[in-house]
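To start, the structure itself, in structure tokens.
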Number of protein chains: 2
Amino acid sequence: MTDLADYLKSYFGMEEREIDIIRECFLPQTLRKHDYFLKAGQVCHTMSFQRSGLVRYYMDTPEKEVTQWISTPGYFITDLAGLVFDKPARYSIQALEDCELFSIDKRDYDRLAEKVPRWPQLERRFIARCFTYMEDRVFGLLSMTAEQRYKWLFDQHPAIFNQVPLQYLASMMGMTPETLSRIRKKQL
Amino acid sequence: MTDLADYLKSYFGMEEREIDIIRECFLPQTLRKHDYFLKAGQVCHTMSFQRSGLVRYYMDTPEKEVTQWISTPGYFITDLAGLVFDKPARYSIQALEDCELFSIDKRDYDRLAEKVPRWPQLERRFIARCFTYMEDRVFGLLSMTAEQRYKWLFDQHPAIFNQVPLQYLASMMGMTPETLSRIRKKQL
DNA sequence: GCAGTTTTTTGATTTAAATCAAGAACTGCT
DNA sequence: AGCAGTTCTTGATTTAAATCAAAAAACTGC
């Protein structure tokens with residue numbers, strides 16, 4: 001059983017039959033360290049399940065580079081603006097480490113509902129969950145200090161703190177590398 | 001033609017027949033100023049189209065009250081955590097002014113797909129759009145100064161700046177009322 | 001394994017925004 | 001209309017976090 005199957009089962013509560021069908025639609029793909037899954041400005045036409053590795057979503061601005069998100073194994077990787085609305089991506093998605101993915105093209109993705117009738121309901125839950133997570137993130141950014149945001153992210157995703165360069169974590173939490181370095185020191 | 005019909009047509013590109021069906025499912029409702037659409041801790045079981053008035057989403061924390069969002073006519077009001085996952089709301093939703101809504105109960109909402117086959121696709125676009133909007137908001141909070149966030153929100157929703165008490169706008173943009181007052185003064 | 005680069009840490013200083021404080025301008029109420 | 005309670009503005013002060021700067025540590029590739 002692949003990780004994707006585990007995920008589909010535990011997260012979506014899917015049945016064996018559905019899992020098999022979906023798994024067939026996703027094809028193995030690898031990303032090398034520093035490879036781009038998507039570059040800002042391109043229209044994303046792929047949805048991938050991340051089996052291993054680390055991936056970073058970031059935006060380039062005139063002054064600095066802003067890390068929006070770090071994706072870890074067990075997550076899906078895509079840009080909904082592209083996948084759903086055919087809009088060019090506002091951010092780039094790049095591998096921080098070699099990654100193993102299971103990927104499906106937009107065309108096939110849009111036909112999943114034909115093969116798995118329950119797919120629209122499952123996808124609805126998936127996207128709605130992304131939204132509620134973002135609500136929590138906005139709340140954190142509106143109301144917490146740098147140190148509180150650190151603790152919050154640490155509780156949510158302790159794994160990335162050992163693996164991801166500090167500068168990216170800092171940016172993702174809305175602080176400078178220096179500030180994160182000091183907070184981290186204080187926690188010991 | 002009601003505002004809801006206008007919205008369904010222009011935003012979702014729905015046909016007359018579909019619009020009529022959906023409109024029948026949404027019932028008129030009014031909220032008086034200060035009435036709660038939803039209180040934190042309750043499970044939201046309603047989805048409403050906002051015809052008029054102003055609505056505020058906010059969270060209570062030990063130190064302060066954090067305004068998450070101000071909803072204006074033409075938006076839908078709900079808490080997806082409740083509507084999709086039956087989870088208690090993390091925030092309260094309260095009328096800032098008398099409001100006219102068109103509301104549908106969760107039970108009926110979940111049956112919309114039977115009446116309008118295309119509903120799942122439409123809803124998908126709706127929720128995905130909410131998500132991409134939140135991505136932009138997170139980016140803004142990660143990368144912009146208070147003044148830049150002010151300008152951004154002002155471009156996006158100029159209407160609310162005349163109507164909503166400054167303290168709520170400030171909180172929603174992640175700054176204090178004093179800071180917003182000074183920024184606003186500077187803009188003249 | 002070591003030179004060269006990049007990243008992280010640490011300290012000193014600055015700054016944007018928060019806090020504190022008080023007066024002005026609204027709001028609603030009887 | 002006039003008073004009480006908000007809300008908003010303005011100024012003075014503080015502070016959390018940014019910036020600046022340089023050394024230390026950690027990677028990189030040859």
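Naming convention: chains lettered A, B, ... in sequence-line order (proteins, then strands); numbering from 1 in each chain.
- Relative to the axis of its first five pairs, the axis of the last five pairs of the helix from C:dG1-D:dC30 to C:dT30-D:dA1 sits at 60°, rounded to 10 degrees.
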Using distance only, find each side-chain donor-acceptor pair of residues 81-89 of chain A under 3.5 Å and give its atom names and separation, not counting sequence neighbours.
unit_1: A:Asp86; atom_1: OD1; unit_2: A:Lys106; atom_2: NZ; d: 3.1

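- Heavy atoms of A:Lys33 sit under 4.0 angstrom from primed sugar atoms or phosphate atoms, though from no base atom.
- Applying the side-chain contact (heavy atoms from CB on, under 4.5 Å) rule to B:Ser143 yields the partners A:Lys64, A:Val66, B:Phe139; only residues at least two apart in sequence or on another chain are considered.
- Side-chain contact, B:Glu135 with A:Tyr91: a donor N or O sits under 3.5 Å from an acceptor N or O.
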Would you be so kind as to tabulate the donor-acceptor pairs closer than 3.5 Å made by side chains of residues 30-42 of chain B, with sequence neighbours excluded?
unit_1: B:Asp35; atom_1: OD2; unit_2: B:Arg32; atom_2: N; d: 2.8
unit_1: B:Tyr36; atom_1: OH; unit_2: B:Tyr58; atom_2: OH; d: 2.7
unit_1: B:Gln42; atom_1: OE1; unit_2: B:Lys39; atom_2: N; d: 3.0

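- Residues of residues 166-173 of chain B having a heavy atom closer than 4.0 Å to DNA chain C: none are found.
- Counting heavy atoms from C-beta outward, B:Tyr57 and B:Thr67 have side chains that stay 4.5 Å or more apart.
- For B:Asp98, the salt bridge (charged side-chain N to carboxylate O under 4.0 Å, His left out) test picks out no residue, with sequence neighbours left out.
- When side chains are defined from C-beta on, B:Lys151 does not count as touching B:Met144, because their heavy atoms never get closer than 4.5 Å.
- Phosphate proximity of C:dT10 to A:Lys185: present, with a side-chain N or O under 4.0 Å from OP1 or OP2.
- Judged as a side-chain contact (heavy atoms from CB on, under 4.5 Å), and not counting sequence neighbours, the contacts of B:Ala146 are B:Arg149, B:Met175, B:Thr179, B:Ile183.
- Remark: aromatic rings of A:Phe161 and A:Phe154 are close, center separation under 6.0 Å.
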Could you walk me through whether A:Glu16 and A:Arg23 pass the salt bridge (charged side-chain N to carboxylate O under 4.0 Å, His left out) test, one step at a time? CA-CA 10 Å; A:Glu16 291 296 334; A:Arg23 205 173 47 189; over 6 Å; no

Intermediate values then yes/no, salt bridge (charged side-chain N to carboxylate O under 4.0 Å, His left out), B:Arg111 and B:Asp108: CA-CA 5 Å; B:Arg111 271 190 233 111; B:Asp108 296 323; 3.5 Å; yes

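- If you check residues 136-165 of chain B against DNA chain C, the residues with a heavy atom closer than 4.0 Å are B:Thr145, B:Ala146, listed by number.
- Shortest non-hydrogen contact noted between A:Met134 and B:Val138 is CE-CG2, 3.8 Å.
- A nucleotide of DNA chain D counts as in contact with chain A when one of its atoms lies under 4.0 Å from a heavy atom; the first and last such, 5' to 3', are D:dA17 to D:dT28.
- You'll find the side chain of A:Met47 reaches within 4.5 Å of the side chain of A:Phe76, heavy atoms only.
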Can you give the donor-acceptor pairs under 3.5 Å from side chains of residues 125-133 of chain A to other protein atoms, not counting sequence neighbours?
unit_1: A:Thr132; atom_1: OG1; unit_2: A:Arg129; atom_2: O; d: 3.0
unit_1: A:Tyr133; atom_1: OH; unit_2: A:His157; atom_2: NE2; d: 3.3

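- Partners of B:Glu100 according to the side-chain contact (heavy atoms from CB on, under 4.5 Å) rule, which considers only residues two or more places apart in sequence or in another chain, are B:Arg51, B:Ser52.
- Near DNA chain C, defined here as any heavy-atom distance below 4.0 Å, the residues from residues 175-183 of chain A are A:Glu178, A:Ser181, A:Arg182, listed numerically.
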